[in-house]
Amino acid sequence: MALVALKNVTKTYPAPEKGGREVVAVDDVTLDIEPGDVYGIIGYSGAGKSTLVRLVNALEPASSGSIEFDGRELTGLPERELRKIRLGIGMIFQQFNLFSSKTVAGNIAYPLKVAGWSKAEIAPRVAELLEFVGLSDKAKSYPEQLSGGQKQRVGIARALATSPRLLLADEATSALDPETTQEVLELLKRVNREFGVTIVVITHEMDVIQSIATKVAVMDGGRVIENGDVFDVFSTPKNSSSQRFVATVVKGLPSPAELAVLRERHEGRIVTISFRDGDASQAQVFLELARAGLDFELVYGGINDIQGRAFGHLTLAIRGEDAATDAALASIAARVEVTEAA
Ligand SMILES: Nc1ncnc2c1ncn2[C@@H]1O[C@H](COP(=O)(O)OP(=O)(O)OP(=O)(O)O)[C@@H](O)[C@H]1O
Ligand SMILES: [Mg+2]
């Protein structure tokens, strides 16, 4: 059974101005998040990612549709019941949202106090969490004395205090530099592996999805336009709007503006070859071009690694007779994806 099951969930906000149109922040979203998933949600700014997370956390009610957490329908539950359910859901934020007047230990103890734990129970639990996130020596520090990465570790420890089954991370690494981002992502991986916590990561960064997510949903205009296995969604997006979004985040695909520059700089036909793990080898492709007597030059490209599986895009400028080029490209296209710039 899914841990979180969204069915036809819509969230609308009243029009910002009188006479204006209401905002459909989340539009008819149906999505299952299975126990143990690290589910990435990616999309342009304003796509509805944060709103979706607030609905899952029952911070706001959906306008329509059904949201089940662990088999229980959230819609219509009284606040008292929702508060109990929220204990089973941890959340971390871009700005960390720590209490600046509390120590690190005090921040982590806070949700335990709210949940009614005694002092004698709280102390060992806080020590255990500090150890897990590698901050045992910072128990008495205040948030302002910590680096961004350390603050987010405290945020993670606090979110895990009550042993939630689900952790929601909304742009949790967006305020961090790339190296610190990787450290925090490694910690989240351990949270998932060692405690079996299901994680939903909201991000607009491909790197985050690539290094941690097992599944991904692409959102655009409130809708989930594509979802599934991370490798499949990013290597072969199915519909044109997810293709457009994916092209902005994957490595190696030239944008229309970049293609125009390539065409100006290089003679010959500009052709992009897209490889996936398990496709014909690149050597075969190059061999085929050489055999046809074509001169070619690699002018743009990149390889994406998603948890050990690679896909990439190589753009070539090919010079030679048109008929020979057509024949070679047709034969290559039987094995890998070939796109010629118009
Ligand atoms: N409380 C609110 N009242 C009115 N409109 C809102 C509210 N919250 C969000 N919206 C609108 O809903 C849409 C989706 O916003 P949301 O914050 O969910 O996007 P997002 O995908 O998280 O974007 P970002 O990547 O910039 O964080 C936007 O058009 C936003 O202006
Ligand atoms: Mg957001």
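Nothing fancy with the numbering, it's 1 onward along the sequence. Counting convention: from 1, in listed order, for ligands and their atoms alike. Computed over heavy atoms, backbone and side chain alike; hydrogens, waters and symmetry mates excluded.
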Quick one: does K11 get within less than 4.0 Å of ligand 1, heavy atoms only?
no
Can you confirm whether E179 is buried at CD, in the sense that more than 12 heavy atoms of other residues, nucleotides or ligands lie under 6.0 Å from that atom?
no
Protein heavy-atom partner closest to atom 7 (C) of ligand 1 - residue, atom, separation in Å:
Y13 CE1, 3.3 Å
Donor-acceptor check, side chain of E297 to backbone of I318, threshold 3.5 angstrom: yes or no?
no
Tell me which protein heavy atom sits closest to atom 25 (O) of ligand 1, plus the residue, atom name and distance to 0.1 Å.
K49 NZ, 2.8 Å
Quick test of your reading of the model: are E81 and R72 salt-bridged, counting only N-O distances below 4.0 Å?
yes
Closer than 4.0 Å to some heavy atom of S50 - which atoms of ligand 1 meet that?
17 (O), 18 (O), 20 (P), 22 (O), 27 (O)
Which atom pair, heavy atoms only, marks the closest approach of L294 to T325?
CD2-OG1, 3.3 Å
Atom 2 (C) of ligand 1 protein-contacted (non-hydrogen atom, under 4.0 angstrom):
yes
Consider every N or O of V23 and every N or O of ligand 1, then say whether any pair is closer than 3.5 Å.
no
Please verify the inter-ring angle class for F296 with F286; under 30° counts as parallel, over 60° as perpendicular, anything in between as tilted.
parallel
Among I202, T51, L52, D27, whose heavy atom sits nearest atom 15 (O) of ligand 1?
T51
Would you call D170 and R54 a salt bridge, taking side-chain N to carboxylate O under 4.0 Å as the test?
no
Closest to atom 26 (O) of ligand 1 (judged by heavy-atom distance), picking from P14, A15, S45
S45
Counting the benzene-type ring for Trp, do F231 and F311 have ring centres under 6.0 Å apart?
yes
Under 4.0 Å from atom 31 (O) of ligand 1, do we find at least one protein heavy atom?
no
Which protein heavy atom lies closest to atom 8 (N) of ligand 1, and at what distance to 0.1 Å?
R54 NH2, 3.3 Å
Counting non-hydrogen protein atoms only, what is the nearest one to atom 12 (O) of ligand 1? Give residue, atom name and distance.
A25 CB, 3.2 Å
Please report the number of protein N, O or S atoms that lie less than 2.8 Å from the Mg ion (ligand 2).
1
Under 3.5 Å, N or O to N or O, is G46 touching ligand 1 that way?
yes
What pairs with D305 under salt bridge (Lys or Arg N to Asp or Glu O under 4.0 Å), at least two apart in sequence or on another chain?
none
Y110, OH atom: more than 12 neighbouring heavy atoms under 6.0 Å:
no
Using a strict 4.0 Å threshold on nitrogen-to-oxygen distance, state whether K215 and D32 make a salt bridge.
no
Consider every N or O of G48 and every N or O of ligand 1, then say whether any pair is closer than 3.5 Å.
yes
Within a 6.0 Å radius of atom CD on E17, are there more than 12 heavy atoms belonging to other residues, nucleotides or ligands?
no
Is there a donor-acceptor contact under 3.5 Å from the side chain of D295 to the main chain of R319?
no
